[in-house]
Amino acid sequence: MDTARPPIYPGLAGKTVFITGGGSGIGAAFTQTFALQGARVAFVDIADEASRTLMGQIQKETGTAPLFIPCDVRDIAALQGAIEKVRLAFGDIGVLINNAGNDDRHTLEQVTPAYWDDRISVNLRHMFFAAQAVLPQMKRLAGGAIINLGSIIWRLKQTGLPVYNASKASITGLTRVLAREFGPFSIRVNTLSPGAVWTERQIKLWYSPEFEKEVMAGQCLKTRVLPNDVANMALFLASDAAEKCTAQDFIVDAGWS
Ligand SMILES: NC(=O)c1ccc[n+]([C@@H]2O[C@H](COP(=O)([O-])OP(=O)(O)OC[C@H]3O[C@@H](n4cnc5c(N)ncnc54)[C@H](O)[C@@H]3O)[C@@H](O)[C@H]2O)c1
């Protein structure tokens, strides 16, 4: 995790923030940066050890540990249950970050109907149901912000993971239609699309010196995009500073796409 301090948006202090996949990678940067705002942060994840380590780190840093609820977002009833637990613990959720995802590689030929359904349920389906579950809470708060993690991958037409690409492209459409549905209640819905972000998992599984060369050739800015760069955009989108921003795709990719 990089240690640069995030900008502070005073309006986020005390807000209930719910993050899926908040235990590692970009999600951990969300959990940490929102905790540093003084928000009441809760997250779900399947990575138990990483999530508990993160809780300890944040407890040390801020004096308060975020609430971690183990939950597989493919299980919609469990996800709805977790959202209810967070409401009971912290009050109505004002910020939802739909972040959990999985970019395991798969060839076109390997995809079966069951694999298709599984990829859609890990990368897309939970975002709809989490938004549906927080709607009554955000209505009571007379506003809210939902941030769906998209990707530039489908804009680049990257091969080797077609169902992930399809999920990520669909998120752009989901955001736009939810923004229209939720707008009358002052709930803003945006997509946040990262480029190549240097997370532990990406570095371990996919990034090589050749890939870095390709990324740097593609990016306008010849520098690595880090999880905190994405988290800083999430802070802005969740804050009052973005009060007129909805239905859009905010890209943090150093100018690659
Ligand atoms: N890292 C990148 O370069 C990049 C680029 C574009 C988009 N994204 C998107 O950003 C988001 C975060 O990506 P990341 O790189 O941090 O990924 P990551 O794999 O490092 O972290 C994802 C987190 O979600 C959790 N998770 C995965 N499946 C889950 C499930 N079924 N239930 C609950 N939690 C689950 C993981 O345990 C992990 O903590 C994803 O939506 C991803 O598609 C990432």
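FYI, the numbering just counts along the sequence from 1. We count ligands from 1, going down the list as the structure has it; atoms in each ligand are counted the same way. The structure displayed is predicted, hence computed values, not measured ones. No hydrogens, no waters, no symmetry mates; every other heavy atom, side chains included, goes into these values.
- Here the heavy atom of the protein found nearest to atom 41 (O) of ligand 1 is Asn99 O, 2.7 Å.
- Around atom 34 (N) of ligand 1, the closest heavy atom drawn from Asn102, Asp253, Ile46, Ile19 belongs to Ile46.
- The protein reaches atom 16 (O) of ligand 1 closely, with a heavy atom under 4.0 angstrom from it.
- Ligand 1 has at least one atom lying under 4.0 Å from a heavy atom of Cys71.
- Remark: ligand 1 and Ser151 share no N or O pair separated by less than 3.5 Å (distance only, no angle test).
- Neither the backbone nor the side chain of Ser51 comes within 4.0 Å of ligand 1, counting heavy atoms alone.
- From the protein, the heavy atom lying nearest to atom 23 (C) of ligand 1 is Gly21 O, 3.5 Å.
- Of the options Asp104, Leu149, Val225, Asp118, the smallest heavy-atom separation from atom 10 (O) of ligand 1 is shown by Leu149.
- Between Gly195 and ligand 1, a contact under 3.5 Å exists for at least one N or O pair.
- Considering Ile203, Val197, Asp45 only, the shortest heavy-atom separation from atom 39 (O) of ligand 1 involves Asp45.
- Annotation: atom 27 (C) of ligand 1 to nearest protein heavy atom, Gly101 O, 3.5 Å.
- Residue contact annotation: Trp198 has no non-hydrogen atom under 4.0 Å from ligand 1.
- Under the 4.5 Å side-chain heavy-atom criterion for grouping Ile, Leu, Val, Met, Phe, Trp and Tyr, Met127 is not connected to Phe30 through any hydrophobic cluster.
- For atom 7 (C) of ligand 1, the closest heavy atom belonging to the protein is Gly150 O, 3.2 Å.
- Nearest to atom 13 (O) of ligand 1 by heavy atom, out of Val122, Thr31, Ile26, Val44, is Ile26.
- The residue among Arg201, Met127, Lys204, Arg74 with a heavy atom at the shortest distance from atom 19 (O) of ligand 1 is Arg201.
- In this structure, atom 21 (O) of ligand 1 lies nearest to the protein heavy atom Ser24 O, 3.8 Å.
- Among protein heavy atoms, the minimum distance from atom 42 (C) of ligand 1 is reached at Tyr164 OH, 3.5 Å.
- Among Asp118, Asp117, Asn102, the one residue that satisfies the side-chain hydrogen bond (donor to acceptor under 3.5 Å, both in side chains) test with Arg74 is Asp118.
- Linking ILVMFWY side-chain heavy atoms closer than 4.5 Å, directly or via other members, places Ile171 and Val163 in a single hydrophobic cluster.
- Linking Ile, Leu, Val, Met, Phe, Trp and Tyr whenever their side-chain heavy atoms come within less than 4.5 Å leaves Val44 and Phe34 in two separate clusters.
- Note on Val122: it does not cluster hydrophobically with Ile97, by side-chain heavy-atom contacts below 4.5 Å among ILVMFWY residues.
- Among Val215, Val73, Asp48, Val252, the residue whose heavy atom lies closest to atom 32 (N) of ligand 1 is Val73.
- A single hydrophobic cluster is seen to contain both Val73 and Val189, as judged by linkage of ILVMFWY side chains at heavy-atom distances under 4.5 Å, directly or through other members.
- Other residues, nucleotides and ligands place more than 12 heavy atoms under 6.0 Å from the CZ atom of Arg140.
- Residue-ligand proximity: Asp72 is placed with a non-hydrogen atom under 4.0 Å from ligand 1.
- Atoms CZ and CD, on Arg176 and Glu181 in that order, are 14.0 Å from each other to the nearest 0.5 Å.
- Under 4.0 Å from ligand 1, not a single heavy atom of Phe43 appears.
- Contact annotation: for Lys168 versus ligand 1, heavy atoms closer than 4.0 Å belong to the side chain alone.
- Salt bridge status for Arg87 with Glu84: present, with a side-chain N to carboxylate O gap under 4.0 Å.
- The existence of a salt bridge linking Arg155 and Asp253 is excluded, since no basic side-chain nitrogen approaches an acidic carboxylate oxygen closer than 4.0 Å.
- Close N/O approach between Asn123 and ligand 1 is not found [any backbone or side-chain N/O within under 3.5 Å].
- Aromatic ring centroids of Trp198 and Tyr207 lie under 6.0 Å apart.
- Not a single N or O atom of Gly25, backbone or side chain, sits closer than 3.5 Å to an N or O atom of ligand 1.
- The CG atom of Leu79 sits 10.0 Å away from the CD1 atom of Ile69 when rounded to the nearest 0.5 Å.
- A salt bridge links Arg201 to Asp103: one of the charged nitrogens lies within less than 4.0 Å of a carboxylate oxygen.
- The closest approach between any non-hydrogen atom of His126 and ligand 1 is not below 4.0 Å.
- Nearest non-hydrogen protein atom to atom 1 (N) of ligand 1 is Gln202 CG, 3.4 Å.
- Using cut-offs of 30° and 60° for the angle between ring planes, the Phe43 and Phe68 rings count as parallel.
- Proximity of Phe30 to ligand 1 is not established, as no heavy-atom distance is less than 4.0 Å.
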